[in-house]
2 protein chains.
Amino acid sequence: MTDTAETVADARERDEDAVSRFVERFASELTEAGMQRMASRVFAALLVSDTGSLTSAEIAERLRISPAAVSGAIRYLSQVDMVVREREPGTRRDRYRLFDSVWYESFTRRDQVLIRFRNTLVEGVEALGPGTPAGSRVAETVEFFEFLHEEMQGMLDRWEVYKAKRGAGS
Amino acid sequence: MTDTAETVADARERDEDAVSRFVERFASELTEAGMQRMASRVFAALLVSDTGSLTSAEIAERLRISPAAVSGAIRYLSQVDMVVREREPGTRRDRYRLFDSVWYESFTRRDQVLIRFRNTLVEGVEALGPGTPAGSRVAETVEFFEFLHEEMQGMLDRWEVYKAKRGAGS
DNA sequence: CACTTGTTTCAGAAAATTGTGAAGTTAAGG
DNA sequence: CCTTAACTTCACAATTTTCTGAAACAAGTG
């Protein structure tokens, strides 16, 4: 379908074509980094929306995907706390909104993965024997992940401080 | 020492079954986190070897995979600097060895991903217009990734210090 | 309570990924 | 050089993943 007639907007209208290219490109990078394809695209679409929120229909239209695909992507994004669902009052339509602290949440989640790794590795040390060369190599890896876990929290705290300061500053 | 009696503390033989279970389990976690399946398994196999190195044939045998699969996995692991190839002197066999600083390298690599993200996001800000709500949301994301990039280096430095200190201490 | 609108589930077609055997390439050793 | 051992590449079959349309489901509304 061709786009609606140009309503006379007051000022600079954004170049939807360039925005769409950005959405696809960023989504594709997220996908390469391990996120599901549709989840990446939906997330990127939300990121470039002015309100930081869209309805299912809006997402489906902009991304040219089926409602079913939207549903699946949202399920994932909710699970990993990147998006919240909210009912649009007075309608029967849901709105999906970016978490304010998406990146914070997303890294916290990554931290959980570190913990799982670490626990598996501890079992590895046992199986190998702590005194063996392989055992002590794995033990060092355990230490690395524990170190990382501790650093992570500090880092996210520093980000919050940084963000608050900058927000207050301008 | 010809004594055949084994004390608990003295048990020297590792339980290959338990080790193998650990290999598969850790590999599977790496895979979930985004690494190729065979690369994960080969990496885990190297991790539990006492010398930290194996030949192609050894890997193929332990993992029950074809030489072709080993080849593919090694190609990936070399590319991401987790493994180095070295020719076994006097033979025509290659040995694949874990980088001493695998995790360091691997996180440095992750840092490269951050930079790519950041660059894409900067283009996004342009497309959206820096003044728009969406534009400033993406701009904040740029800031987050820049922040992360800086933290990363500091963190890895602190790990090196920590490791050196602990190595000297014990 | 039937109707309408919006979301989710599910079976299956389509596409992408993966691992293999076999052929090909390289280089050591006689 | 010729043989042979080791590794790599390639085409293909098998598996897995992904996305869709259709149907089921849910929840406001008249």
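Only this structure's heavy atoms are used, side chains among them; waters, hydrogens and symmetry mates stay out. Lettering follows sequence order; numbering is per chain, from 1.
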Exercise for the section: Could you tell me whether Glu105(A) and Arg110(A) have a side-chain N and a carboxylate O separated by less than 4.0 Å? Expected result: no
Fill in the blank from the handout: 5'-most to 3'-most nt of DNA chain C touching chain B (<4.0 Å, heavy-atom partner on protein side) reads dG19(C) to dG29(C)
Exercise for the section: Examine Trp103(B) together with Phe43(B) and report whether their ring centres are nearer than 6.0 Å. Expected result: yes
Problem - Test item: side-chain donor near acceptor, Arg95(B) and Thr55(B), under 3.5 Å - result: no
Practice task
Find which nucleotide of DNA chain D each of Thr91(A) and Ala68(A) is nearest to by heavy atoms, and output the residue with the more 5' nucleotide.
Solution key: Ala68(A)
Practice task
Give one of base, sugar-phosphate or nothing for Arg85(A), where a contact means two heavy atoms less than 4.0 Å apart.
Solution key: sugar-phosphate
Exercise for the section: Heavy atoms of chain A, cut-off under 4.0 Å: which first and last nucleotide of DNA chain D, 5' to 3', fall inside that, if you could look? Expected result: dC19(D) to dT29(D)
Practice task
Please confirm whether Phe99(A) and Tyr104(A) have ring centers closer than 6.0 angstrom.
Solution key: no
Handout entry: Heavy-atom check, side chain of Phe22(B) versus side chain of Thr120(A), under 4.5 Å
Key = yes
Fill in the blank from the handout: On a heavy-atom basis, the closest approach of Asp50(A) and Arg137(B) is O-NH2, 3.1 Å
Practice task
Would you tell me whether Glu143(B) and Tyr162(A) have side-chain atoms, one donor and one acceptor, within less than 3.5 Å of each other?
Solution key: yes
Problem - Sugar-phosphate only, base, or nothing, as touched by Ser71(B) at under 4.0 Å among non-hydrogen atoms - result: base
Practice task
Please work out if Ile74(B) contacts a base, only the sugar-phosphate, or nothing of the nucleic acid, heavy-atom cut-off 4.0 Å.
Solution key: nothing
Problem - Sugar-phosphate, base or nothing in reach of Arg93(B), heavy atoms under 4.0 Å - result: sugar-phosphate
Practice task
Using ring pair (Phe, Tyr, Trp, His ring centres under 6.0 Å) as the criterion, list what pairs up with Phe107(B), not counting sequence neighbours.
Solution key: Phe144(A)
